[in-house]
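Because the structure is a prediction, the values reported are computed rather than measured.
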Amino acid sequence: MFGEPGKHVIDFDLIESQFRHLMRVAVSVREGTISSSTLLKRLRSGSRKNATYAAFREVGRVIRTVQLLRYLSDAPLRRRVTAATNKDVDFTPLREQDLTAAGLGQAA
């Protein structure tokens, strides 16, 4: 798109050339013909050499890029994500004295 396919450019030609395989795999997973864990094992067996694996990786890069652009251009979405992240962070930390009081840690 903006240069030669490689590290920083999505290889749309690879996605296009593997499209039938990608759809066949997606339908197989959806119909339960193959489990996602089995699929991952098969794709990873020759990961660098497997064109379908590489095409799925490129599709993942497309999805991440679209989501990042959506996040950057949507202020309400950023606020929701920030609020959810802060809520999760506020809930998570346990102080050392809380662990010690619960008998799970040692006081320094």
State plainly whether one hydrophobic cluster holds both [X] and [Y], where clusters connect Ile, Leu, Val, Met, Phe, Trp and Tyr through side-chain heavy atoms under 4.5 angstrom apart.
X: L68; Y: V59; value: no
X: L22; Y: I34; value: yes
X: L14; Y: V66; value: no
X: I63; Y: V25; value: yes
X: L77; Y: L72; value: yes

Are T33 and V27 packed together at the side-chain level, in the sense that at least one heavy-atom pair is separated by less than 4.5 angstrom?
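T33 does not reach V27 side chain to side chain.
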Quick one: does R42's side chain get under 4.5 Å of N50's, heavy atoms only?
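No, side chains not in contact.
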What's the separation between atom [atom1] in [X] and atom [atom2] in [Y], rounded to the nearest 0.5 Å?
X: R79; Y: D74; atom1: CZ; atom2: CG; value: 8.5 Å
X: R30; Y: M23; atom1: CZ; atom2: CE; value: 11.5 Å
X: Y53; Y: E58; atom1: OH; atom2: CD; value: 11.0 Å

When you look at I15 and V62, which way does the side-chain contact (heavy atoms from CB on, under 4.5 Å) test go after all the steps?
CA-CA 10 Å; I15 294 171; V62 170; 4.1 Å; yes
As a quick check of understanding, evaluate side-chain contact (heavy atoms from CB on, under 4.5 Å) for H21 and Q18, giving each step before the final call.
CA-CA 5 Å; H21 296 290; Q18 292 296 311; 3.2 Å; yes
Residue Y71 excluded, over 12 heavy atoms near OH under 6.0 Å:
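Enclosed: over 12 neighbouring heavy atoms sit under 6.0 Å from OH of Y71.
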Pair T38-S35, side chain to side chain donor-acceptor pair (under 3.5 Å): steps then yes or no
CA-CA 5 Å; T38 302; S35 71; 2.8 Å; yes
